[in-house]
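Only one structure is covered here, and it is reproduced in the block below.
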Number of protein chains: 2
Amino acid sequence: MFLKHIDLIKGLYYSKTASLNDLSIYTGRSIPYVTKGIADLMKLDIVKEVGIRASSGGRKPATYSLIADTGFIISVAMNQFLTRIVIVNMNNEFVGEVQEFELKLGDNKDAIHSLIACIKAVVVNSGLAQDKFLAIGITMPGFIDAFLGNNLSFLKVPDETLVTYIAKHAGLPVFIENDSTAIALAEQKFGLPIARNNSMIINLGWGVGLGMIINKEIFKGHSGFAGEFSHLPLHKNGKLCSCGKQGCLETEASLLAIEAKAAEGLKQGQVSSLLKYDTVSADNIIDEALKGDAFAIKIIAEAAYFIGQGLAILLHLMNPESIILSGKGSVIGKLWLSPIQQAMNEHCIPHLTTYTQLAVSNLGNNAQLLGGVTTVIENLYKLNPQANISEPT
Amino acid sequence: MFLKHIDLIKGLYYSKTASLNDLSIYTGRSIPYVTKGIADLMKLDIVKEVGIRASSGGRKPATYSLIADTGFIISVAMNQFLTRIVIVNMNNEFVGEVQEFELKLGDNKDAIHSLIACIKAVVVNSGLAQDKFLAIGITMPGFIDAFLGNNLSFLKVPDETLVTYIAKHAGLPVFIENDSTAIALAEQKFGLPIARNNSMIINLGWGVGLGMIINKEIFKGHSGFAGEFSHLPLHKNGKLCSCGKQGCLETEASLLAIEAKAAEGLKQGQVSSLLKYDTVSADNIIDEALKGDAFAIKIIAEAAYFIGQGLAILLHLMNPESIILSGKGSVIGKLWLSPIQQAMNEHCIPHLTTYTQLAVSNLGNNAQLLGGVTTVIENLYKLNPQANISEPT
DNA sequence: AAAACTTTTTATTTTTTTTAAAAAGTATGA
DNA sequence: TCATACTTTTTAAAAAAAATAAAAAGTTTT
């Protein structure tokens, strides 16, 4: 019964506050239908009226919101080295601080148990009753089968799916999604308006991920592998990539490639404030670049130029409304922006670039966490089979 | 009233013969709704019952078809040098022969009037009454604004759109579409089943066109320029392309590039049956390659390899169900197939190629003509504003 | 050859949308 | 300033479409 009229709940969640008319447009259903649905949800104390909104002429509409503490979602954003967890309420507000846990994904047999322990700790420390939590949304790198709930690259468990395993131990429903896909979802729902319809979302991180929004929907391809931007065969540098091929974009443009280039440059006697570190990490390079170190800026710009070259190809094929730079690397967005734009201009048919906007995300480092929440919201209809739902087609 | 229940007419047109159940699935509407609609159309003598179909167990369904001579569509397929026109009935059968007219598109002020004269001649020679024709579907190269009905590259007319101009002179409604997009439409509706949902349709011709089918729909991008496969910046050969950039795929892989390479090779003393021609045309090369000439086969294979390299990129990004080789060049499909497959295997992450089928179209040289018909069928709802229609969303 | 199972068609009920009307505002101008 | 014209939102009544149930017409199994 909590899950009656999922589409209305989704609409309210993403817009925070909406009128009956807004919801009718969002859901594509008639005003009377929406009116009845909201009345039901108000009786159930899931939705409340929050006041009257200004109008451009005409009767002022009543507006509605979800009641914040009806339910909570746990979002778990993992990368190769760090796992971040936060609790989010029904108004999409973080409840308490984002908790960070060092957790190595690769080559770590204990990763799955560490992860479960982290989640349990967050639940217990929150002081909230277990039945107040709706579900857990986990976002992480790797080839992910979101439908079955498995990650083909990391956190393998025997005899059952990753999702059922974690759900069993945490006592809550679990949904997983690829990190780049999750970031694209977050950008679509909470990011810039130009990211809503046809947008390419770049996840600048240890690799270069891509999430595609085509005709207002995430596009994953026929078998779920679309958006392999990182492994576009663009270079003839002979460098071996983790995928087994040579010359992938990743070998020149990822944070890993940047680390390698920095080490090489310093060995060859480059003057740089990076010399003060024993071993140079990507975070060091980012820090020093932000402080203005010329060498750090130069190698970041180089990588950005290669990303721009890849984006030129994307532009020719997809003609998107926008390209959004998001993910971990978006914090240095301004450093990437101009070399990327430069490369795009050089390698594109002129009028293509004029129709596509290149922008840095406004979600900062929270995109992946918001993507985990979005993953749960999008799967809400799976939580209660008796719910009054129209499954997505 | 002829145009009542457009969606049912479309379903019958594309499937030729269908049961009520088939149509219910095709239109996404309920059986009672479809039942009533078909009854209406039968009263109007647009649809007839054509018999009972076998069943795998259970009552045998009645099947229905459009009545072939209720209406006719004129399909006009243009390329740079040749215009082909055919009349098609409501059972998607060609009425009479395909008529060919030499008509240069580029640098020809008189092209528009020649085109209108050709269309008029076909109408008159058919002996059919003018009011039996539904519309004209014109497919041609260039940047086409199908919504406004203009071609930004060819056949410009002052003060009005191309579509209204031709419609005025021919006395029939006109719809235009880009040739590669039209071919993609034809492959989706009449081609191999694997081309229906997520497919990349390559138009091998004077350029290398691409039509994308994503989630069962033609995808044209945010401003209609998606699918610029021909101008992917993949080569560092310094060759200037018609688009103004250097190193586009087209400079190595189009029929024009093949012509140039053949001339160059012959000048350098290559032994080949091509030597018997004064000037070597693409058609000559295709002919001799089909007859087994080693040199002709070699330069075609070279171009094919470059196309395969481009397709590898497409595969990484789109992960389609299939790639279909169509258009003029598909008649030598088998010659392209293996070098293209080879290049794809070399440049793709292994498991990507295993999920995508590469195939040659089964529509031969008719794809573009069928695409013109499809363009009309898809725009049928625009013909009669009073019709009982639900416009596509 | 009857029973069990499928698939299609018809009839009935329920749901949802469409249309129309009413309510609640804003802007305008005599 | 206050009636008039115009908007937008909300409520009510009518019409359309879908979902459900039942019947009809077959096929397959035992």
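The sequence lines fix the lettering, A, B, ..., with proteins before strands; numbering per chain opens at 1.
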Expressed in angstrom and rounded to an integer, what is the separation of B/Asp7 atom CG from D/dA17 atom P? 10 Å
Neighbour count >12 (heavy atoms, 6.0 Å) for atom CZ, A/Phe94: yes
Taking 4.0 angstrom as the limit, do B/Arg196 and B/Glu187 come out as a salt bridge? no
Looking just at side-chain N and O atoms, do A/Ser24 and A/Asn21 make a donor-acceptor pair shorter than 3.5 Å? no
Using whole Å, what does the distance between atom C1' of nucleotide D/dA16 and atom NE2 of B/His5 come to? 12 Å
Can you check the A/Lys36 NZ to C/dT15 C1' distance for me, whole Å? 8 Å
What is the distance from CE of A/Met42 to P of D/dT10, rounded to the nearest Å? 12 Å
NZ/NE/NH1/NH2 to OD/OE distance under 4.0 Å, A/Asp145 and A/Lys220: no
Residue list, ring pair (Phe, Tyr, Trp, His ring centres under 6.0 Å) with B/Tyr14, at least two apart or on another chain: B/Phe190
Between D/dA24 (C1') and B/Ile31 (CD1): distance, integer Å: 14 Å
By nearest-heavy-atom nucleotide on DNA chain C, the more 5' of A/Arg59 and A/Val34 is A/Val34
Residues touching DNA chain D, which here means a heavy atom under 4.0 Å, drawn from residues 10-23 of chain A: A/Leu20, A/Asn21
Could you tell me how the ring of B/Phe225 sits relative to the ring of A/Tyr355: parallel (under 30°), tilted (30 to 60°) or perpendicular (over 60°)? tilted
Nearest to the side chain of B/Arg29, which nucleotide is it out of D/dA18, D/dT10, C/dT9? D/dA18
Side chain to side chain donor-acceptor pair (under 3.5 Å) between B/Glu321 and B/Ser199: does it pass, once the steps are laid out? CA-CA 6 Å; B/Glu321 183 174 6; B/Ser199 186; over 6 Å; no
Give the rounded distance in Å between these two atoms: OH of A/Tyr33 and C1' of C/dT14. 13 Å
Atom-to-atom span, CD1 of B/Ile25 to P of D/dA18 - whole angstrom: 14 Å
A/Tyr64 atom OH is separated from D/dT9 atom C1', nearest whole Å, by 10 Å
Go through C/dT17, D/dA17, C/dT9 for me and flag the one nearest to the B/Ala62 side chain. C/dT9
Check whether any side-chain nitrogen or oxygen of B/Lys60 sits under 4.0 Å from OP1 or OP2 of D/dT27, and answer yes or no. yes
